[in-house]
Amino acid sequence: MLDVIKSLDRLTWNTQHHFAHIEAQHDFIRAWAIQFELGYTDVRVVQMALQLDGKHHDLLQKFTAAYEKVYDYEYAFVAGGLEGFNEEYGDNIEDYRAAANEFLGLIDQVRELNGK
């Protein structure tokens, strides 16, 4: 499998810190949006590595589905700031936490395939 450790590291950091940022009700900052955009690229790199490997289709599907859940929460924040996020998901922070934790678990599974 292609070495995607740096992508996995950034996705882990983003997922943990973005959730913590929103949970703490911090305002939107430009750096957050940049991290969000770069995270999308990291997800695509990991997906490509899993596809090229050809042995882990089930993990690829789970990884993609979990990312899409986290993406929805993060996009609401990027598009509408804290107010927009709270309008759409303010009552569902525990669902966001669960989605983030699921994604982090799948990141760890891919990391194991990379031997790290």
Side-chain angles (χ1 to χ4, degrees):
M1 180 173 178
L2 295 173
D3 181 359
V4 294
I5 293 300
K6 290 294 184 183
S7 289
L8 296 170
D9 290 347
R10 284 187 297 267
L11 287 170
T12 297
W13 190 93
N14 279 1
T15 303
Q16 292 170 337
H17 286 85
H18 289 181
F19 175 81
H21 187 95
I22 292 172
E23 182 182 39
Q25 295 290 286
H26 292 298
D27 289 330
F28 176 83
I29 56 173
R30 181 175 151 79
W32 205 99
I34 293 166
Q35 293 162 356
F36 172 76
E37 290 289 335
L38 292 173
Y40 181 82
T41 302
D42 285 322
V43 164
R44 296 298 175 227
V45 167
V46 173
Q47 287 173 321
M48 182 177 61
L50 288 168
Q51 289 171 3
L52 289 172
D53 189 51
K55 301 174 192 169
H56 306 284
H57 185 72
D58 188 48
L59 180 56
L60 170 62
Q61 288 181 318
K62 289 177 184 177
F63 178 86
T64 299
Y67 171 71
E68 288 173 359
K69 289 179 192 174
V70 170
Y71 177 95
D72 289 343
Y73 291 107
E74 291 190 356
Y75 184 79
F77 185 76
V78 168
L82 188 56
E83 183 178 324
F85 176 87
N86 285 337
E87 262 182 42
E88 192 165 350
Y89 295 113
D91 294 336
N92 298 343
I93 197 73
E94 291 306 316
D95 292 340
Y96 178 19
R97 181 189 314 277
N101 286 336
E102 177 184 3
F103 186 51
L104 289 167
L106 290 162
I107 289 170
D108 286 343
Q109 287 181 36
V110 176
R111 189 181 311 278
E112 289 174 17
L113 296 175
N114 255 206
K116 307 278 177 173

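- Among all heavy-atom pairs drawn from N14 and E74, the shortest one is O-OE2, 4.1 Å.
- Ring geometry, F28 versus W32: the interplanar angle falls from 30° to 60°, so the pair is classed tilted.
- Between D95 and K69 there is no salt bridge, since no side-chain N of the basic residue sits under 4.0 Å from a carboxylate O of the acidic one.
- For L50 against L60, the heavy-atom pair with the smallest separation is CD1-CA, 3.9 Å.
- The distance from atom CG of D27 to atom CD1 of I22, rounded to the nearest 0.5 Å, is 12.0 Å.
- Once rounded to the nearest 0.5 Å, the distance linking CG of L8 with CG of L104 reads 11.0 Å.
- Nearest approach of M48 to L2, heavy atoms of both residues: CE-CD1, 4.5 Å.
- In this structure, T15 OG1 and E102 CD are separated by 11.5 Å, a value rounded to the nearest 0.5 Å.
- Atoms CE and NE2, from M1 and H56 in turn, are 7.0 Å apart once rounded to the nearest 0.5 Å.
- Across all non-hydrogen atoms, the minimal contact from S7 to V46 is CB-CG2, 4.1 Å.
- Side-chain N/O atoms of T12 and R111 include a donor and acceptor closer than 3.5 Å.
- The nearest pair of heavy atoms linking L82 to Q25 is CD2-O, 3.1 Å.
- In this structure, the side chains of F63 and I107 come closer than 4.5 Å at one or more pairs of heavy atoms.
- Between Y89 and Y73, the ring-plane angle classifies as tilted under the 30° and 60° cut-offs.
- A donor-acceptor pair is defined here as one N or O able to donate and one able to accept, closer than 3.5 Å; no such pair exists between the side chain of N101 and the backbone of F103.
- Counting only heavy atoms from C-beta outward, the side chains of V78 and F85 never approach each other to under 4.5 Å.
- Taking each heavy atom of A66 and L106 in turn, the nearest pair found is CB-CD1, 3.5 Å.
- Under the 30°/60° scheme for interplanar angles, the aromatic rings of W13 and H18 are found to stand perpendicular.
- Proximity of E83 to N86: side-chain heavy atoms (C-beta onward) are nowhere separated by under 4.5 Å.
- Salt-bridge formation is detected for the pair R97/E23: a Lys NZ or Arg NE/NH1/NH2 atom is positioned less than 4.0 Å from an Asp or Glu carboxylate oxygen.
- A tilted orientation is assigned to the rings of H21 and H26, their planes being inclined by 30° to 60°.
- Residues L38 and Y75 fall into different hydrophobic clusters, defined by Ile, Leu, Val, Met, Phe, Trp and Tyr side chains chained together at heavy-atom separations under 4.5 Å.
- The side-chain heavy atoms of D42 and K6, taken from C-beta on, include no pair separated by under 4.5 Å.
- For the pair F77 and F36, the minimum side-chain heavy-atom distance is 4.5 Å or more.
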